[in-house]
Amino acid sequence: MSDINEPRLDLKSLPKEERLNRMRHSAAHVLAEAMVELMPEAELGIGPPIETGFYYDFRLPRPLTNEDLVWLDKRMNQSRKGKHRFQMAAISRAEAEERWAKQPFKLDLLKDIPDDGITQCTHAAFTDLCRGGHVNHTAEIGAFKLMSIAGAYWRGSEKNPMLQRVYGVLFETAEELAAHEQQIEDARRRDHRKIGRDLDLFALVDEIGPGHVIWLPAGATIRRELQRWIEDLEIDRGYQHVITPVVAKRELYVQSGHWDHYREAMYPVMEREGEEYVLRPMNCPSHIKVFQNDQHSYRELPLRIAELGNMHRWEKSGQVSGMSRVRIMTLNDAHIFCADIAQVESEVEGVLRLMEEVYGILGLKDYRYRLSLGDPDDTEKYVDNPPMWEAGETLLRDVLQRVGLEFYEAKGEAAFYGPKIDVEFKTASGKEETLVTVQVDFHLPAQFGLEYIAEDGARARPIIVHRGVISTMERMVALLIEEYEGAFPLWLSPTQVVVVPIADRHIPYAEEVAAALKAHRLRVDVDARGERMNAKIRDAQLRKVPYVLVVGDREAETQAAAVRARGGKDLGAMPVADIVAMLREERDTKALGR
RNA sequence: GCCCAGAUGGCGCAACGGUAGCGCAACCGAUUUGUAAUCGGUAGGUUAGGGGUUCGAUUCCCCUUCUGGGCUCCA
């Protein structure tokens with residue numbers, strides 16, 4: 001064994017991220033030290049730093065409890081006070097195998113480490129197989145808190161045993177830790193599941209089934225506005241909307257390849273009179289049938305077929321969540337049939353520009369593009385056709401660069417039939433979700449033998465671009481609820497205005513004001529309850545209604561209303577005609593009002 | 001699907017193994033109010049469902065369903 005300790009490390013000289021990673025990784029060692037003390041039989045997995053802290057995976061003789069967490073936290077703090085030095089040492093394979101003879105996961109890790117690269121780290125009485133990256137001693141690990149216990153597969157594969165993972169958060173100072181806990185609190189407040197319940201936007205009821213969303217009137221209003229808008233945008237850009245059935249013969253999906261590659265994610269087959277039907281998980285085959293309904297000349301391409309239709313995907317039970325991960329979803333989908341690569345490029349570019357426009361209007365900023373590539377080694381998951389993949393990937397990369405969008409590449413994330421561009425965003429709770437994808441598909445045109453008549457009269461095979469823009473209505477609305485914290489811009493607000501009569505004698509005038517607004521398709525409620533004005537204002541604020549119009553004697557005399565904007569700003573009394581003009585302008589420009 | 005934790009009026013919560021209570025909301029009445037909660041009253045629960053232990057189960061055990069946190073998978 002040889003000592004390979006780094007010279008004493010000046011933490012302050014390191015970039016913050018590096019410093020935090022060292023603190024977090026060191027804390028994971030301290031956690032493992034505590035765990036081994038709590039349960040000497042513990043088998044150790046790995047303990048890396050993560051975005052807000054660290055985790056360590058263990059296989060334990062019994063499930064951990066919250067009391068264990070408290071104990072471990074306390075024990076870790078003791079170790080911190082001990083100011084134990086983290087000491088690295090290089091060891092031989094023989095030494096390592098002996099030391100971790102009873103640690104199957106460490107032995108598994110050892111297999112992947114070259115003989116001359118095996119190192120261990122010791123602090124206090126605890127030694128772990130480790131490649132390094134620590135602080136000097138345990139007193140330098142910062143402010144941490146053990147947060148939760150979770151299950152996690154060894155090496156992330158469901159074929160491996162399930163371990164118990166302990167998550168901790170860790171920051172340099174107690175203040176930063178407190179700020180992070182505040183953030184978690186804020187995220188809870190933004191959670192679309194909570195806001196959806198509070199504002200009666202949607203409901204999920206046990207009897208209807210997990211992942212089957214009920215859109216309540218308020219939520220359905222938001223959805224309808226989005227739907228009208230995106231369909232109009234698509235019409236402007238030459239898309240043609242179709243309506244195709246949600247059920248089709250199983251055979252259709254056999255031909256498309258979905259049955260082979262996607263069966264597990266489909267609802268079970270329905271059988272009657274010897275025929276097998278399935279609920280569609282995607283509508284590509286249906287749109288292909290639309291294309292095949294006529295002969296097409298090159299002059300008609302690109303042909304853009306769009307549909308906002310229900311898709312049905314059997315998400316695994318542990319995966320369904322609120323409205324962001326459902327089993328029946330309404331997908332904003334289109335298939336663009338292109339004559340050649342040049343058309344594919346310009347169409348993909350058009351889609352990317354449409355996305356930028358749409359997300360800009362919605363005020364979404366926290367998203368990123370991912371170029372999702374296939375994996376030539378995985379012929380099980382992906383259609384086996386290397387030149388096809390090559391061509392698609394190059395093309396998508398080029399277009400992303402040309403449009404000037406930042407993106408990153410990810411291997412093994414493609415659709416089974418081709419590479420794609422994914423747009424990813426973060427939910428309030430920090431989870432990454434895919435919003436939409438753009439895919440280049442050479443596969444389905446071949447499967448269905450698609451053809452068009454080329455300029456020279458010969459038959460040629462089109463290429464399909466699959467694309468979404470506003471994702472599924474479910475996921476987009478979930479995202480928007482969290483983005484706006486329930487306070488939707490005027491054009492999307494389920495109730496845009498509440499008119500508050502000060503006393504009962506003002507109700508007729510309040511109705512009059514409401515009618516004037518409704519004549520311009522504004523969504524208005526009159527709050528005629530026998531409550532005090534203040535209570536009505538409060539309720540409207542809690543419902544996040546954009547405008548409250550207070551009407552009393554003064555307003556009734558002058559055909560006016562006192563305008564109170566969401567958030568409490570008093571705009572004073574305005575003539576009703578001016579209010580209408582102001583609200584129409586705000587609505588029609590889709591102003592974010594922030 | 002897997003690991004762990006949960007499930008109590010519409011919502012948020014309480015109840016040493018002794019047949020469920022509070023706040024808000026709802027409903028009724030009084031009040032008629034000038035920019036975030038008027039007062040009083042009434043009603044509402046087979047404690048997710050099923051089984052078991054017990055003289056007795058919201059409470060303990062088992063199964064199912066659903067929810068949450070993760071893992072894996074995905075729009």
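- Comparing A:R197 and A:D570 by the nucleotide of RNA chain B whose heavy atom lies nearest to each, the residue mapping closer to the 5' end is A:R197.
- As rounded to the nearest Å, B:A26 and B:C16 have C1' atoms that lie 34 Å from one another.
- Here, B:C11 and B:G69 have their C1' atoms 22 Å apart, quoted to the whole Å.
- A donor-acceptor contact under 3.5 Å is formed by the side chain of A:R564 with the base of B:U35.
- Going from the C1' atom of B:C13 to that of B:U58 covers 14 Å, rounded to whole Å.
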Q. Taking it one step at a time, do A:R543 and A:D539 satisfy salt bridge (Lys or Arg N to Asp or Glu O under 4.0 Å)?
A. CA-CA 6 Å; A:R543 284 171 61 202; A:D539 288 345; over 6 Å; no
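- Nucleotides B:G29 and B:A43 place their C1' atoms 14 Å apart, quoted to the nearest Å.
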If you restrict it to nitrogen or oxygen atoms, what contacts under 3.5 Å exist between nucleotides 59-69 of chain B and the protein, and what is each distance?
from  : atom 1 : to     : atom 2 : distance (Å)
B:C66 : O2'    : A:D206 : OD1    : 2.9
B:G68 : OP1    : A:R193 : NH1    : 3.0
B:G69 : OP1    : A:R193 : NH2    : 2.9
B:G69 : OP2    : A:R193 : NH1    : 3.4

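- Proximity of A:Y167 to the phosphate of B:C71: a side-chain N or O atom is located under 4.0 Å from OP1 or OP2.
- To the nearest angstrom, P of B:A75 lies 20 Å from NZ of A:K426.
- Atom CG in A:L64 sits roughly 17 Å away from atom P in B:G70 (whole-Å rounding).
- Spacing between atom CG of A:D422 and atom C1' of B:C73 amounts to 14 Å, rounded to whole angstrom units.
- Looking at heavy-atom distances under 4.0 Å, A:E264 makes no contact with the nucleic acid at all.
- B:C61 sits 10 Å from B:G6 when the P atoms are compared, rounded to a whole Å.
- When all heavy atoms of A:C284 and A:L444 are compared, the closest pair comes out as CB-CD1, 3.8 Å.
- Nucleic acid contact class of A:R165 (heavy atoms, under 4.0 Å, all strands): sugar-phosphate only.
- Applying the side-chain contact (heavy atoms from CB on, under 4.5 Å) test between A:R165 and each of A:L64, A:D57, A:I149 identifies A:D57 as the sole match.
- As judged by a 4.0 angstrom heavy-atom cut-off over every strand, A:T472 is placed among the base-contacting residues.
- A distance of about 22 Å separates the P atoms of B:A14 and B:G70, rounded to the whole Å.
- Contact of the A:D422 side chain with the A:V436 side chain is not registered, since no non-hydrogen atoms from C-beta on lie closer than 4.5 Å.
- Side-chain N/O atoms of A:R532 include none lying less than 4.0 angstrom from OP1 or OP2 on B:G34.
- A:D186 has a carboxylate O that lies under 4.0 Å from a charged side-chain N of A:R189, or vice versa, which qualifies the two as a salt bridge.
- In this pair, A:F58 and A:Y56 present their aromatic rings parallel. The plane angle is below 30°, not in the 30 to 60° band.
- Note on A:R155: every side-chain N or O is 4.0 Å or more away from OP1 and OP2 of B:C71.
- In this structure, the nucleotide among B:U33, B:C71, B:A75 sitting nearest to the side chain of A:M533 is B:U33.
- Nucleic acid contact class of A:V326 (heavy atoms, under 4.0 Å, all strands): base.
- Side-chain atoms of A:T437 and A:R467 form no donor-acceptor pair, as typed in the model, at a separation below 3.5 Å.
- Ionic pairing of A:R325 and A:E474 is not present here: no N-O contact between side-chain nitrogen and carboxylate oxygen is shorter than 4.0 angstrom.
- Taking each heavy atom of A:K316 and A:E158 in turn, the nearest pair found is NZ-OE1, 3.8 Å.
- Because its NZ or CZ atom is not both nearer than 6.0 Å to the ring centre of A:F202 and within 45° of the ring axis, A:R197 does not count as a cation-pi partner of that residue.
- With hydrogens and angles left out, the side chain of A:E207 and the base of B:G49 share no donor-acceptor pair within 3.5 Å.
- One can find a donor-acceptor pair under 3.5 Å joining the base of B:C74 and the side-chain atoms of A:R325.
- A:K420 comes within contact range of the sugar-phosphate backbone alone, with a heavy-atom separation under 4.0 Å but no base atom that close.
- Heavy-atom minimum distance, A:Q541 versus A:G567: OE1-N, 3.2 Å.
- For A:Y153 against B:G1, a side-chain N or O and a base N or O form a donor-acceptor pair under 3.5 Å.
- At a threshold of 4.0 angstrom between heavy atoms, the contacts of A:E315 include nucleobase atoms, whether or not backbone atoms are also involved.
- In this pair, A:H466 and A:H335 present their aromatic rings perpendicular. The plane angle is above 60°, beyond the 30 to 60° band.
- Of all heavy-atom pairs between A:P161 and A:F105, the closest is CG-CE2, 4.2 Å.
- A:T558 approaches A:R554 most closely through the heavy-atom pair OG1-O, 3.1 Å.
- For the C1' atom pair drawn from B:G45 and B:G21, the interatomic distance equals 11 Å after rounding to whole Å.
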Q: For RNA chain B, produce a single dot-bracket line, 5' to 3'. Pairs: Watson-Crick or G-U wobble, both distances under 3.5 Å. Symbols: ( ) within strand, [ ] crossing, | other strand, . unpaired.
A: (((((((..((((....[..)))).(((((.......))))).....(((((..]....))))))))))))....
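- Between A:A415 and A:G156, it is A:G156 whose nearest contact on RNA chain B lies nearer the 5' terminus.
- Taken residue by residue, residues 534-546 of chain A places heavy atoms nearer than 4.0 Å to RNA chain B at A:N534, A:A535, A:I537, A:R538, A:Q541, A:L542.
- Rounded to whole Å, the separation between the P atoms of B:U59 and B:A7 comes to 10 Å.
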